[in-house]
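Inspection log for the structure reproduced underneath, given as structure tokens.
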Number of protein chains: 2
Amino acid sequence: MADHPHPSDPQETSVDEAVFHERYPSRRLLDLIASRWTPIVLFCLASGTHHYGQMQRRIPGISKKMLSQTLRRLETDGLVHREVYRVVPPKTEYELTELGWRLHEPVRFLCRWAAENAEIFDRIERNRTVASVSE
Amino acid sequence: MADHPHPSDPQETSVDEAVFHERYPSRRLLDLIASRWTPIVLFCLASGTHHYGQMQRRIPGISKKMLSQTLRRLETDGLVHREVYRVVPPKTEYELTELGWRLHEPVRFLCRWAAENAEIFDRIERNRTVASVSE
DNA sequence: CAGTATCCTTCCGGATACTG
DNA sequence: CAGTATCCGGAAGGATACTG
């Protein structure tokens, strides 16, 4: 582990450089939302309380395993509240906590930006196609 | 080709549901930036043209392999321009393209939001710690 | 300096089957 | 209905060695 910042050189790691550090907020945010399902689940719950099966139906392609895993993670992180009703048939409700709502903010921004700049993705996709053809 | 729900699609798959589809811009944006190194490399290049070794020194923890891979990806996507100078010793310069700059926008937003809401991550981390202790 | 090539380990995530 | 348990293939990613 090359932890380089030696006391002898205090100025080397400036404030600017800190942005790239693992513990810097930007990295931590990405570690949180930069996964396949987390943002989509967050977004889904932003439209209101949901049941398990309901969510699985709304999110195409997600498996039970991934849905459970994602929800559990969000729950232990305190972003989602899980309310279990001991009835027959069983019923469980998931909803965003206050913390969850706060995190939803940047996610929503991303979604909106993406929608408004949709042509970018087509351009990128074209670039990629051209590159793969010419190789 | 993904069977996208065409507009004629009567019920069940409303506009709202489309948000969760793979081909929807939000998903595509996440596929692009939701990786360990891509956003950080993008962010790094946003502060100006860089050399290879320069970047490796600025970004702690990145391996040569990952740096190369990430840069190659960004290059074929048309987000980064690579200029090779055939001199001794070899020199290569990386810089953002116009497309790269556009994508930098949401990345910068994320970083800024994260910095302004840094306490959120501490709260989440505490939640996680508590959960792991009590199990 | 600026990479590529190779090996190897870990984790992601889908499919399936089972339970309360 | 609302999950958990298990298996397994493939991709991500680190370490190391080598090249122009």
Side-chain angles (χ1 to χ4, degrees), chain A residues 1-4 20-22 27 30-42 44-45 49-77 80-95 128 131-132 135, chain B residues 2 20-22 27 30-41 44-45 49-77 80-95 128 131-132 135:
Chain A
M1 296 31 182
D3 58 311
H4 68 312
F20 306 113
H21 197 279
E22 295 282 338
R27 297 282 312 137
L30 281 167
D31 286 345
L32 224 49
I33 67 170
S35 74
R36 191 162 165 65
W37 301 115
T38 307
I40 215 172
V41 166
L42 221 51
C44 182
L45 286 175
T49 300
H50 278 72
H51 296 172
Y52 185 89
Q54 211 175 0
M55 298 185 70
Q56 215 193 348
R57 262 175 278 116
R58 284 195 75 188
I59 305 177
I62 197 170
S63 65
K64 284 187 168 192
K65 180 185 171 183
M66 279 304 103
L67 181 54
S68 293
Q69 212 169 88
T70 306
L71 285 170
R72 288 283 166 276
R73 186 63 186 282
L74 290 173
E75 196 191 349
T76 66
D77 283 358
V80 161
H81 175 69
R82 176 166 172 254
E83 189 69 46
V84 181
Y85 299 91
R86 294 223 146 272
V87 294
V88 183
K91 195 172 73 174
T92 312
E93 284 182 353
Y94 295 92
E95 61 178 341
R128 202 177 288 174
S132 71
E135 85 181 17
Chain B
F20 306 113
H21 198 280
E22 295 282 339
R27 296 284 311 138
L30 281 167
D31 286 346
L32 224 49
I33 66 170
S35 75
R36 193 161 163 67
W37 301 116
T38 306
I40 214 173
V41 165
C44 182
L45 286 176
T49 300
H50 278 73
H51 296 171
Y52 185 87
Q54 211 176 359
M55 298 185 71
Q56 216 194 348
R57 261 174 279 116
R58 285 195 75 188
I59 304 177
I62 197 170
S63 65
K64 285 187 168 193
K65 181 185 171 183
M66 279 304 102
L67 181 54
S68 293
Q69 213 169 88
T70 306
L71 285 170
R72 289 283 166 276
R73 186 62 187 283
L74 291 173
E75 195 190 350
T76 66
D77 283 357
V80 161
H81 175 68
R82 176 167 172 253
E83 189 69 47
V84 181
Y85 299 92
R86 297 224 145 271
V87 293
V88 183
K91 195 173 70 172
T92 311
E93 283 181 354
Y94 294 92
E95 61 178 340
R128 203 177 288 175
S132 70
E135 84 182 21

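Side chains included, hydrogens not; waters and symmetry mates left out as well; all remaining heavy atoms used. Throughout, a chain's letter reflects where its sequence line sits, starting with A, and its residues are numbered from 1.
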### Set of residues satisfying side chain to side chain contact (heavy atoms under 4.5 Å, CB included) with respect to H81(A), sequence neighbours excluded
E83(A), E95(A), T97(A)
#### Entry: side-chain N/O R72(A) vs dT4(D) OP1/OP2, d < 4.0 Å
yes
### Task
Give each stem of DNA chain D as a range with a range, requiring at least 3 consecutive Watson-Crick or G-U wobble pairs whose two distances are under 3.5 Å.
C:1-20 with D:1-20
### Query
Are any non-hydrogen side-chain atoms of H50(A) and Q56(A) less than 4.5 angstrom apart?
no
### Below 4.0 Å: OP1/OP2 of dC1(C) and any side-chain N or O of T92(B)
no
### Task
Under the side chain to side chain contact (heavy atoms under 4.5 Å, CB included) rule, collect the residues that match up with V84(B), sequence neighbours excluded.
R82(B), T92(B)
### Query
What residues form a side chain to side chain contact (heavy atoms under 4.5 Å, CB included) with V87(B), not counting sequence neighbours?
Y85(B), K91(B)
## Note on the structure
L71(B) and Y94(B) have their tightest heavy-atom pair at CD1-CZ, 3.7 Å
### Task
Look at the side chain of P89(B) and decide which nucleotide, out of dC1(C), dG3(D), dA2(D), has an atom nearest to it.
dC1(C)
Just list the side-chain donor-acceptor pairs under 3.5 Å for residues 59-67 of chain B, sequence neighbours left out, or say none.
from: S63(B); atom 1: OG; to: M66(B); atom 2: N; distance (Å): 3.2

### Query
Does NZ or CZ of R72(B) fall inside the cone over W37(B)'s six-membered ring, less than 6.0 Å from its centre and within 45° of the axis?
no
#### Entry: Contact letters for nucleotides 8-20 of chain C, in which S counts primed atoms plus P, OP1 and OP2 and B counts the base, heavy atoms under 4.0 Å
-----BBB----B
### Task
Would you indicate whether the side-chain heavy atoms of R73(B) and D77(B) approach each other to under 4.5 Å?
yes
